[in-house]
Amino acid sequence: MKIIIKKDYDAMGKEAAKYFAEVIRNKPNAVLGLATGSTPISTYKELIRLHEEESLDFSQVITFNLDEYLGLTDDHDQSYRYFMDINLFNHVNIKKGNTNVLSGVTDNPETECREFEEKIKTAGGINIQLLGVGGNGHIAFNEPGSPENSRTRVVDLTKETIKDNSRFFEKVENVPTQALSMGMGTILEAKKIVIIVNKESKAKAVAASIEGPATTDVPASVLQKHSDVIWVIDKGAASLLKDSS
Ligand code: GLP
């Protein structure tokens, strides 16, 4: 795994966006895996800048998002579809029909998940996947203990994740308790993975994921088994690494 430590949040976003731009310029119909949360916003800002100022073209790009809360409609201001529209899709020339975000209000979540997996396959697989990390080391909504071969499915959120994510909701009771999430196996099939982390509050999860054993107890540590992973982290997130040279 490659570890890149940047001085701050904006520098982290610029660095991460560079890898996505490179993939898109080499393959205009690239398939991107995208993430939500507060971490990727500077990455999306930079992709928007590259589109506006350096003609990065999204017209043939296809995207798949990692996850969605079960029970939230697309227009709910905390749904991940809404997040993607306002933070990226509305600002670049991507075709909305090429953006795939799981539906949180489907009558049949199992079918939704199965069809999502099929769509990824039909698109030829994910060329580059963006990931963030939860405080407990989760990636997408794969909580500790998620099997390495898990696929897109309905998952229960842990108390810790619900508490962490309650900062985006009016009160903790409003945070959905379940989500639809790409599985560990789905994520590990992406050809290239860029994982971004900022803030000291994530330093423990980062150190465990990079320097600890690869274990499903810390989902992000399982990325050690992938052959092309780039960690792009800020100084705070890197602060507990023994070897940060
Ligand atoms: C959610 C998402 C994850 C994300 C995590 C961290 O739980 N499902 O994909 O990595 O939040 O969020 P933040 O970037 O806001 O710290």
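Start at 1 with the first residue, then count along the sequence. Remember, it's a predicted structure, so these values are computed and weren't measured experimentally. Whatever order the structure lists them in is the order used to number ligands and atoms, beginning at 1.
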Enquirer: Please determine whether a side-chain nitrogen of the Lys or Arg among E22 and R25 lies less than 4.0 Å from a carboxylate oxygen of the Asp or Glu.
Expert: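 Salt bridge flag = no for R25 with E22.
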Enquirer: Can you tell me if K191 has over 12 outside heavy atoms packed within less than 6.0 Å of its NZ?
Expert: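 It does: K191 NZ has more than 12 such atoms within range.
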Enquirer: Verify the neighbour count for atom CG of D107: are there more than 12 heavy atoms of other residues, nucleotides or ligands below 6.0 Å?
Expert: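 Open.
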Enquirer: Would you mind finding which of D67, T39, V133, I139 brings a heavy atom closest to atom 6 (C) of ligand 1?
Expert: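 Selected option, by shortest heavy-atom distance: V133.
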Enquirer: Determine whether the side chain, the backbone, both or neither of Y80 has a heavy atom under 4.0 Å from any heavy atom of ligand 1.
Expert: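 Y80 to ligand 1: side-chain contact only, backbone stays beyond 4.0 Å.
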Enquirer: Among all protein heavy atoms, pick out the one at the shortest distance from atom 16 (O) of ligand 1; state its residue, atom name and that distance to 0.1 Å.
Expert: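 Checked against all protein heavy atoms, atom 16 (O) of ligand 1 sits closest to K202 NZ, 2.7 Å.
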Enquirer: Hey, are T73 and R81 close enough side-chain-wise for a donor-acceptor pair under 3.5 Å?
Expert: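 There is no such pair between these side chains.
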Enquirer: Which ligand 1 atoms are under 4.0 Å away from a heavy-atom of F141?
Expert: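 So the answer, numbered in order with elements, is 1 (C), 7 (O), 8 (N).
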Enquirer: Closer than 4.0 angstrom: is that true for some heavy atom of R167 and an atom of ligand 1?
Expert: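 Contact present.
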Enquirer: Take S239 and E200 through the side-chain hydrogen bond (donor to acceptor under 3.5 Å, both in side chains) test and state the conclusion after the steps.
Expert: CA-CA 7 Å; S239 58; E200 233 175 290; 4.5 Å; no
Enquirer: Among the heavy atoms of A140, does any lie under 4.0 Å from an atom of ligand 1?
Expert: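 True for this residue.
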Enquirer: Could you check atom 5 (C) of ligand 1 against the protein and tell me its nearest heavy-atom contact, residue, atom and distance included?
Expert: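 Result for atom 5 (C) of ligand 1: H138 NE2, 3.8 Å.
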Enquirer: For atom 10 (O) of ligand 1, what's the nearest protein heavy atom and its distance?
Expert: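 That would be G132 C, 3.2 Å.
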Enquirer: Should side-chain heavy atoms under 4.5 Å link Ile, Leu, Val, Met, Phe, Trp and Tyr, which residues sit in the same cluster as I162?
Expert: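 Traced through the cluster, I162 reaches Y69, L72, Y80, F141, V155, L157, F168, F169, V172, V175.
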Enquirer: Nearest heavy atom to atom 12 (O) of ligand 1 wins, so pick from G37, P40, A205, A35.
Expert: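 Ranked by closest heavy atom to atom 12 (O) of ligand 1, first place is G37.
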Enquirer: Does a donor on one side chain sit under 3.5 Å from an acceptor on the other, for N100 and N65?
Expert: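 No, no side-chain donor-acceptor contact under 3.5 Å.
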Enquirer: How far is atom 4 (C) of ligand 1 from its nearest protein heavy atom, and which residue and atom is that?
Expert: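 Going by distance alone, atom 4 (C) of ligand 1 is nearest to T36 O, 4.0 Å.
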